[in-house]
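I have placed the structure first, in the form of structure tokens, so that the comments after it can refer back to it.
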Amino acid sequence: MLLGAGCSPESERAATSSGGASGGARAISQGAFADESRSRGVLHLTARGGDDYFMPDSMGPGCAVFDADGDGREDLFFVEAVRDQNGALESEAGRDRLLFQQADGSFHPAAKGFGADDPRYGMGAAVADVEGDGDLDLFVTNYGSSRLFKNQGRGTFEDATEASGIREEGWAATAGFCDYDADGRPDLFVTRYLELDPSVRGKGAGGAQDYPSPLQFSGLADRLWHNEGDGRFRDVSHEAGLATRVGRGLGLAFLDLDGDARLDIFVANDSEPNFAWVQTAPGRFENRAFALGLAVNRVGRAQANMGVAVGDVGGEGDFELFVTHLVAEANVLHQRGPGGTYADVADRAGLSTASLDLTGFGTQFGDVENDGDQDLLVLNGRILRRGPRAAVDLPLHWVPYAEECQLFLNDGSGRFRLAGAEEGGDFSRAIAVGRALVVADLDRDGGLDLVVANGDGSSRLYRNRLEDRGHFLSVRARGADGKSDALGAVIEVRAGGRTWVRILGTCQGYLSAGPPAAHFGLGEHSAVDGIVVHWPGGIRESFDASPADQERVLVRGTGKR
């Protein structure tokens, strides 16, 4: 366990005895990730951005990984954010893209007119089965009118926005599905960024024109949409207590922040205090970010909060929140202490100094080596230009914004070190304008792969090519119908006297979504002793032991209570 302000000597002793026991992040003998974007048909270069420095160009776009056509293989969805040559927000070049994974691991684009190839100026994507029919649906946030696309089967979609009752106009950023009321239906939360005046100009170094600062604009209230179960959603933001506060919302995470077994909502706000929406009564939320220690940094200052990752980094059974920030603002790792409040332990964890010269966006935890601890991946890319950090092959407009990607290896106790290029491989060598990141096992071989959408208009796939990975288990938890994913379920896996904990969800923190599967690296353990699922609503069920290196689908009501 990592130590922060208020941790006791007893906590320190417990941390020392329960860590991963490697004593330091081990060296990886080969580059962990190989850029297979071109060979697998994923590489795509979109001409975006221009000399008018339109602010939305600097913030997106996003992506999603999910099985769109129900064939058991993960597909890729890339949101496009392209204006036409006259500056209009809808364009043919801006149609969102869907790539189907083939049996050989390559990706082929969906035929034109697949139903979710929206030409609007896009930001992010959210994924869930909103109807409980077994098909995963899409919600796409836009600068403009956001859209809900329902999956008609076999990877075709229908625009169901009007029929659903969802009305999201303006600048929406990260959206995510969650089951906040534990009724088995995925509800929708949408972070909204700011009230942009496109006529406002920004200035960079030396007074040259650059992208505007968010401080030049007021924020917006986020929205919560309740799934009514009949294909419609109802705006419950006011009755839930969420509409009372405005902020420049960007990052998003769902977890139980106060330990009462109710799902809460964390929103990373840009250049102002974060929101920690704690569910104090069924369907009622209060912002307790300051009381919990999640609003500002350790010296009481609001930062440019962007991407969010949630993980049990020290193996102690509690979830930490990692938040990325602007250059000169250290990234933050919020850890819950004995009193229930959170403290920033990024410095002790080795995650602070390495972020100071970079601007972080998409980020996720994931056990890259399957050695039993969660590593950390961070995409970086500036929003104010400076001289390039290295020679890069990018469109000229984006060269001054490009920065390196980062892989941090966990030593098993929640302390990290930055992996070198020889360990991280092509991911650690990449210099790009990083924005959205999805961590997922694309080929279901047990290794976590990476899908990236960059602000410079490129999309990338980094395959996990480690040959000496440990064992793994992938877990999917579904409701009693066997179809709907139990979003928000907390899953515990036990093996060899250790316990690993994950939250089932699809939201991946910044403009992105991944498959509804929880990945567990098990190290040398070739079997698990048992699995416990804490279902939304508080019901707990245990499931029998099983061999590792497989995917298990657990259905509510089939375990032991």
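Just so we're clear, the structure is a prediction, and the values are computed from it rather than from any experiment. What you see below is based on every heavy atom in this structure, not just the backbone, and it leaves out hydrogens, waters and symmetry mates.
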*asked:* For Tyr180, run the side chain to side chain contact (heavy atoms under 4.5 Å, CB included) check against Phe285, Trp277, Phe254 and tell me which one passes.
replied: Phe285
*Verify side-chain contact (heavy atoms from CB on, under 4.5 Å) between Thr141 and Thr174, making sure each step is shown before the conclusion.*
CA-CA 7 Å; Thr141 60; Thr174 304; over 6 Å; no
_Evaluation steps, side-chain contact (heavy atoms from CB on, under 4.5 Å), between His519 and Phe365_ = CA-CA 11 Å; His519 179 90; Phe365 289 108; over 6 Å; no
_Exercise: identify the closest heavy-atom pair between Arg460 and Ser37_ = CA-OG, 3.2 Å
*Could you tell me whether Lys150 and Asp135 have a side-chain N and a carboxylate O separated by less than 4.0 Å?*
no
_Minimum heavy-atom distance Gly360-Val378, with the two atoms named_ = CA-CG1, 4.5 Å
*If you count the non-hydrogen atoms of other residues, nucleotides and ligands that lie under 6.0 Å from CD in Gln550, is the total more than 12?*
yes
*Under the side-chain contact (heavy atoms from CB on, under 4.5 Å) rule, what do Val368 and Leu466 come out as? Steps first, then yes or no, please.*
CA-CA 9 Å; Val368 171; Leu466 291 177; 4.1 Å; yes
*Working to the nearest 0.5 Å, report the span between CG of Asn410 and CD of Gln374.*
8.0 Å
*Report yes if some heavy atom in the side chain of Phe361 is under 4.5 Å from a heavy atom in the side chain of Met59; otherwise report no.*
yes
_Residue that, paired with Arg463, satisfies salt bridge (Lys or Arg N to Asp or Glu O under 4.0 Å) out of Asp35, Asp441, Asp449, Asp443_ = Asp443
*Below 4.0 angstrom, N of the basic side chain to O of the carboxylate: do Asp445 and Arg469 qualify?*
yes
*Close side-chain approach of Asp367 and Asp375, heavy atoms under 4.5 Å*: yes
*Could you tell me whether Asp485 and Arg478 have a side-chain N and a carboxylate O separated by less than 4.0 Å?*
yes
*Under 3.5 Å, is there a donor-acceptor pair between the Asp426 and Tyr462 side chains?*
no
*Find out whether Asn331 and Phe322 are in side-chain contact, i.e. whether some heavy atom of one side chain is under 4.5 Å from a heavy atom of the other.*
yes
*So, His334 and Asp344: side-chain donor and acceptor under 3.5 Å apart, yes or no?*
no
*Side-chain touch Leu138/Val127, heavy atoms, less than 4.5 angstrom*: yes
*Minimum heavy-atom separation for Arg494 to Thr499, with atom names?*
CG-OG1, 3.6 Å
*Using a 4.5 Å cut-off on heavy atoms from C-beta on, say whether the side chain of Arg348 contacts that of Gln335.*
no
_Can you see whether Phe107 has Arg40 sitting over its ring - NZ or CZ less than 6.0 Å from the centre and within 45° of the normal?_
no
*So, for Leu263 and Leu255, which heavy atoms are closest and what is the spacing to 0.1 Å?*
CD1-N, 3.8 Å
_Within the structure provided, determine whether Asn227 and Phe177 are in side-chain contact (heavy-atom separation under 4.5 Å)._
no
*Run the side-chain contact (heavy atoms from CB on, under 4.5 Å) check on Leu409 and Leu407 step by step: do they pass?*
CA-CA 6 Å; Leu409 298 174; Leu407 166 63; 4.1 Å; yes
*When you check the gap from the basic side-chain N to the acidic O, do Asp183 and Arg185 get nearer than 4.0 Å?*
yes
*Work out which heavy atom in Trp225 is nearest to a heavy atom in Phe233; give both atom names and the distance.*
O-CD2, 3.9 Å
*If you take all heavy atoms of Gln406 and Ala354, which pair is closest and at what distance?*
NE2-O, 3.1 Å
